[in-house]
Student: 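Submitted below is the structure of interest, expressed as structure tokens.
Each chain gets a letter, A, B and so on, in the order its sequence line appears, and its residues count up from 1.
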2 protein chains.
Amino acid sequence: MTISAIPLDAETNAVEMPDDHRDELRLWLRLLTCSNLIEGEIRRRLRDRFNVTLPRFDLMAQLDKAPDGMTLSDLSKRMMVSNGNLTGLVDRLVASGHIDRRVSETDRRAQMISLTPMGQSEFRTIAGEHENWIAELFGGLNKKDQKDLMRLLAKTKYSARHAVHGDNE
Amino acid sequence: MTISAIPLDAETNAVEMPDDHRDELRLWLRLLTCSNLIEGEIRRRLRDRFNVTLPRFDLMAQLDKAPDGMTLSDLSKRMMVSNGNLTGLVDRLVASGHIDRRVSETDRRAQMISLTPMGQSEFRTIAGEHENWIAELFGGLNKKDQKDLMRLLAKTKYSARHAVHGDNE
DNA sequence: GAAAATTGTTTTAAGCTTAAAATAACCGGG
DNA sequence: CCCGGTTATTTTAAGCTTAAAACAATTTTC
């Protein structure tokens with residue numbers, strides 16, 4: 001079967017239009033808009049109501065799941081940010097008394113980072129509110145919408161990862 | 001009809017669980033992951049292949065759609081970033097010869113920003129590639145998936161906007 | 001037409017972010 | 001034990017981002 005066997009369909013004015021990817025572009029722009037809209041509102045509320053930034057909150061969320069603490073490298077992988085970024089973030093959270101850093105007992109290069117009691121208590125208060133905000137922001141979607149969106153985003157994530165890493169990782 | 005008329009269903013162990021919003025939280029985390037994954041890859045490719053940042057590219061994209069130029073305020077609204085942010089971004093793009101700024105003839109406070117011929121030509125090269133990257137990243141979704149996702153994201157956007165602005169705007 | 005409100009832009013201070021280079025400690029042979 | 005490679009972290013330089021304050025020009029209102 002040669003290429004010429006494929007019949008030309010109604011859309012074959014394709015001479016001046018190598019590939020039309022405008023739909024994908026619009027999809028991406030809409031995804032980005034949603035993400036930015038929600039993230040922006042979360043940042044705003046965290047700042048206004050709890051005087052905390054999103055990166056600080058994210059870091060504390062990771063630590064809350066690891067009662068025994070984590071190293072900077074672990075945090076860096078989990079949060080998908082650079083090591084250097086974390087150095088500064090951790091410095092500021094230590095300074096504000098939310099987290100503790102102590103040199104690992106088994107590896108003098110590494111530091112174990114953990115929430116202070118104050119940090120944990122403050123985080124949990126914020127996290128409770130945060131969960132309500134998210135529910136509010138997604139309030140316009142019914143359970144079926146949520147399920148469908150979840151599935152399509154899983155597919156999107158897989159698709160993007162595939163394109164990013166070329167199958168491996 | 002009083003509240004007591006509502007029968008207790010199977011899920012009513014709700015005593016220790018005021019509202020369960022974990023599904024929405026997972027949905028949000030997945031949306032964020034998708035967005036960050038794709039945006040990160042786009043940033044990386046823009047930098048590696050064209051030595052340009054995403055904000056610069058976004059700014060040029062706005063200008064490309066407005067041949068007669070735009071003011072900083074217009075750009076600020078379109079791009080949804082702060083004015084102060086734009087001042088710096090524009091400074092750097094003027095310095096690199098991609099855009100022009102001239103005082104508005106009708107309003108001495110305002111400046112008209114527009115692409116230089118070099119800026120436009122460079123932008124269009126990049127934009128072509130960019131569109132292909134997006135198509136590649138979303139390649140795992142068929143047309144129906146894309147249509148469904150588009151619809152659900154529209155709903156999400158509406159829902160979030162509603163929660164952000166409380167109906168108005 | 002002058003005061004008041006609004007609009008357009010810049011400055012400032014603080015924090016976030018990255019890549020790349022530097023430093024330091026570990027680990028696995030030989 | 002020491003050499004080379006790896007891993008953990010920090011530093012550096014540059015750019016992005018914001019909110020708030022400042023300033024300047026325009027428009028509105030009386």
Student: Using a 4.0 Å cut-off on heavy atoms, which residues in residues 57-70 of chain B reach DNA chain D? List them by number, or say none.
Tutor: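 Residues of residues 57-70 of chain B that come under 4.0 Å of DNA chain D do not exist, since none gets that close.
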Student: Whether B/Arg56 and B/Glu122 form a salt bridge (side-chain N of Lys/Arg under 4.0 Å from carboxylate O of Asp/Glu) is what I want to check.
Tutor: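 Here B/Glu122 does not pair with B/Arg56 in a salt bridge, since their nearest N and O are not under 4.0 Å apart.
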Student: Would you indicate what A/Ser104 reaches in the nucleic acid, counting non-hydrogen atoms under 4.0 angstrom: base, sugar-phosphate, or nothing?
Tutor: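 No contact.
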Student: At 4.0 Å (heavy atoms only), tell me whether B/Ser76 reaches a base, stays on the sugar-phosphate, or touches nothing.
Tutor: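 Counting heavy atoms under 4.0 Å across all strands, no contact is made by B/Ser76.
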Student: Whole angstrom is fine here: how far is it from CZ in A/Arg109 over to P in D/dA8?
Tutor: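 From A/Arg109 CZ to D/dA8 P: 6 Å.
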Student: With a 4.0 Å cut-off on N to O distance, would you call A/Arg124 and A/Glu129 a salt bridge?
Tutor: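 A/Glu129 and A/Arg124: not salt-bridged.
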Student: Distance-only, no hydrogens or angles: does the A/Ser159 side chain make a donor-acceptor pair with backbone N or O of A/Lys155 under 3.5 Å?
Tutor: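 Looks like no, no N/O pair under 3.5 Å.
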Student: Can the ring centres of B/Phe57 and B/Phe50 be said to be less than 6.0 Å apart?
Tutor: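 So the answer is no for these two rings.
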Student: Do B/Asp23 and B/Arg26 meet the salt-bridge criterion of a basic N to acidic O distance under 4.0 Å?
Tutor: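 Result for this pair is yes, salt bridge flagged.
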Student: Look at atom CZ of A/Arg101 and say whether more than 12 heavy atoms of other residues, nucleotides or ligands are closer to it than 6.0 Å.
Tutor: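 Above 12, so yes.
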Student: I want to check one thing: is the phosphate of D/dT9, taken as OP1 and OP2, less than 4.0 Å away from some side-chain N or O of A/Ser73?
Tutor: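 Answer is yes, contact under 4.0 Å.
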Student: Quickly work out the B/Asn51 CG to C/dA20 P distance and round it to whole Å.
Tutor: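 Going from B/Asn51 (CG) to C/dA20 (P), I get 11 Å.
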Student: Atom CE of B/Met112 to atom C1' of C/dG8: distance rounded to whole Å?
Tutor: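 My rounded result for the distance is 13 Å.
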Student: With DNA chain D as reference, determine whether A/Asp107 or B/Asp107 sits nearer its 5' end, using the nearest nucleotide of each.
Tutor: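 Result: A/Asp107.
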Student: At under 4.0 Å between heavy atoms, how does the protein contact nucleotides 10-21 of chain D? Give one character per nucleotide, 5' to 3', with B, S or -.
Tutor: BB---SSBBS--
Student: Taking side-chain contact (heavy atoms from CB on, under 4.5 Å) as the definition, give me every residue that meets it alongside A/Val81, ordered by chain and number, with sequence neighbours left out.
Tutor: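 Checked A/Val81 against side-chain contact (heavy atoms from CB on, under 4.5 Å); matches are A/Met79, A/Asn85, A/Leu86.
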Student: Hey, mind stepping through B/Thr71 and B/Leu75 against side-chain contact (heavy atoms from CB on, under 4.5 Å) and telling me if it holds?
Tutor: CA-CA 6 Å; B/Thr71 65; B/Leu75 279 169; over 6 Å; no
